[in-house]
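Data first, discussion second: the structure below is written as structure tokens.
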Amino acid sequence: MLKLAAMFRFNEGDQEAVYAVQRERMVAEQIERRGVTDPEVLAAMRTVPRHRFVPEEERQEAYFDGPLSIGSGQTISQPYVVASMTEALGLTHRSKALEIGTGSGYQTAVLAEIVDRVFSVEIRADLYERATQLLSELGYRNIRTMLGNGYSGWPQEAPFDGIIVTAAAPYIPPALLDQLAVGGRMIIPVQEEAPPRQELLLLEKTDAGITRRVMYEVRFVPLIDGQ
Ligand code: SAH
């Protein structure tokens with residue numbers, strides 16, 4: 001009896017192994033199957049422990065095919081959305097990236113696996129503090145976070161090779177376009193009025209101006225405090 005009980009005791013290492021299996025399955029079934037091919041992005045999605053970015057009571061669902069609540073009315077995006085937005089930016093290990101909406105810090109960590117440096121802005125103090133602490137605990141040394149309004153970007157660190165906005169904006173914030181390098185890309189969900197829906201836009205800054213492509217329809221929480 002005693003032996004049996006010992007056999008079935010679930011220790012922390014076993015739990016991590018279960019999450020690793022779930023993570024592999026997430027990449028194969030949700031991300032590769034839907035067409036993401038960039039090896040750097042796939043490797044990052046295989047590496048970042050998504051379960052650490054969701055509240056304790058949601059851990060069992062961390063690798064599900066959907067967004068999850070991270071508290072304070074905010075969400076961590078669906079794994080496929082994180083992967084495809086990251087891939088669309090076309091970043092390399094030399095890139096400098098800016099994220100607006102740190103939230104849980106999950107997308108920040110995925111970017112940090114791929115690029116040289118990531119700068120991330122969050123407007124809510126509770127989320128900013130939690131994500132900053134967790135990213136440091138996980139050992140990320142190439143991330144800087146800031147508490148502030150993402151509409152202004154991070155001018156002191158501009159230009160950026162990639163800018164990712166993870167909340168829906170009523171319009172494209174001009175400061176962010178200014179802070180994009182020539183040859184750089186920005187991905188942003190934009191809220192349309194009529195019909196009411198959100199489109200994920202991919203913008204690219206070229207010598208000749210800005211090109212614009214609609215990726216797919218999305219549902220993000222709104223970007224707070226725009227003027
Ligand atoms: N990238 C996040 C998803 C966060 S949800 C993740 O992987 O978990 C959107 C986030 O944007 C929320 O944390 C919200 O507080 C933040 N946000 C909303 N408006 C903002 C603004 N104006 N500036 C910066 N962050 C903002």
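Counting convention: from 1, in listed order, for ligands and their atoms alike.
At least one heavy atom of Gly148 sits closer than 4.0 Å to an atom of ligand 1. Residue contacts with ligand 1 include Thr102, since one of its heavy atoms falls under 4.0 Å from the ligand.
Pro196 approaches Gln191 most closely through the heavy-atom pair C-NE2, 4.2 Å.
Within 6.0 Å of CD on Glu57 lie more than 12 heavy atoms contributed by other residues, nucleotides or ligands.
Ligand 1 has no nitrogen or oxygen under 3.5 angstrom from a nitrogen or oxygen of Ser77. Remark: ligand 1 and Ile70 share no N or O pair separated by less than 3.5 Å (distance only, no angle test). The shortest N or O to N or O distance between Ala167 and ligand 1 is not below 3.5 Å. Considering backbone and side-chain N/O atoms, Leu223 never comes within less than 3.5 Å of an N/O atom of ligand 1. Distances between N or O atoms of Ile123 and those of ligand 1 include at least one value under 3.5 Å.
Below 4.0 Å from some heavy atom of Gln107 lie the following atoms of ligand 1, by number and element: 1 (N), 7 (O). Residue Asn149 has at least one heavy-atom neighbour below 4.0 Å for each of these atoms of ligand 1: 21 (C), 22 (N), 23 (N). Proximity to Gly150 (heavy-atom distance under 4.0 Å) selects the following atoms of ligand 1: 21 (C), 22 (N), 23 (N), 24 (C). Taking a cut-off of under 4.0 Å to the non-hydrogen atoms of Val121, the atoms of ligand 1 that pass are 24 (C), 25 (N). Remark: ligand 1 atoms within the under-4.0 Å shell around heavy atoms of Leu127 are 13 (O), 15 (O). Atom numbering of ligand 1 starts at 1 in the shown order; those under 4.0 Å from a heavy atom of Ser104 are 6 (C), 7 (O), 8 (O). For ligand 1, the atoms sitting less than 4.0 Å from at least one non-hydrogen atom of Thr75 are 3 (C), 4 (C), 5 (S), numbered in the order shown with element in parentheses. Every atom of ligand 1 is numbered from 1 in the order shown, and the set under 4.0 Å from a heavy atom of Arg124 is 15 (O).
Residues Ile70 and Tyr63 share a single hydrophobic cluster, defined by chaining ILVMFWY side chains whose heavy atoms lie under 4.5 Å apart.
The side-chain contact (heavy atoms from CB on, under 4.5 Å) test with Tyr80 is passed by exactly one of Arg33, Met45, Met26, Arg34: Arg34.
The pair Glu199-Arg197 counts as a salt bridge, with a side-chain nitrogen and a carboxylate oxygen less than 4.0 angstrom apart. One finds a salt bridge joining Glu157 and Arg144 here, because a Lys/Arg side-chain nitrogen approaches an Asp/Glu carboxylate oxygen to under 4.0 Å. Glu137 and Arg52 are joined by a salt bridge, as a carboxylate oxygen and a charged side-chain nitrogen come within less than 4.0 angstrom of each other.
A side-chain donor-acceptor contact under 3.5 Å links Lys205 to the backbone of Leu180.
In this structure the side chain of Tyr140 reaches within 4.5 angstrom of the side chain of Glu113, judged on heavy atoms.
Counting heavy atoms only, Gln74 comes closest to atom 14 (C) of ligand 1 of the residues Glu99, Gln74, Met146.
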Exercise. Output, in order, the C-alpha distance, side-chain angles, deciding distance and verdict of side-chain contact (heavy atoms from CB on, under 4.5 Å) for Val18 and Gln22.
Key: CA-CA 6 Å; Val18 169; Gln22 291 179 347; 3.9 Å; yes
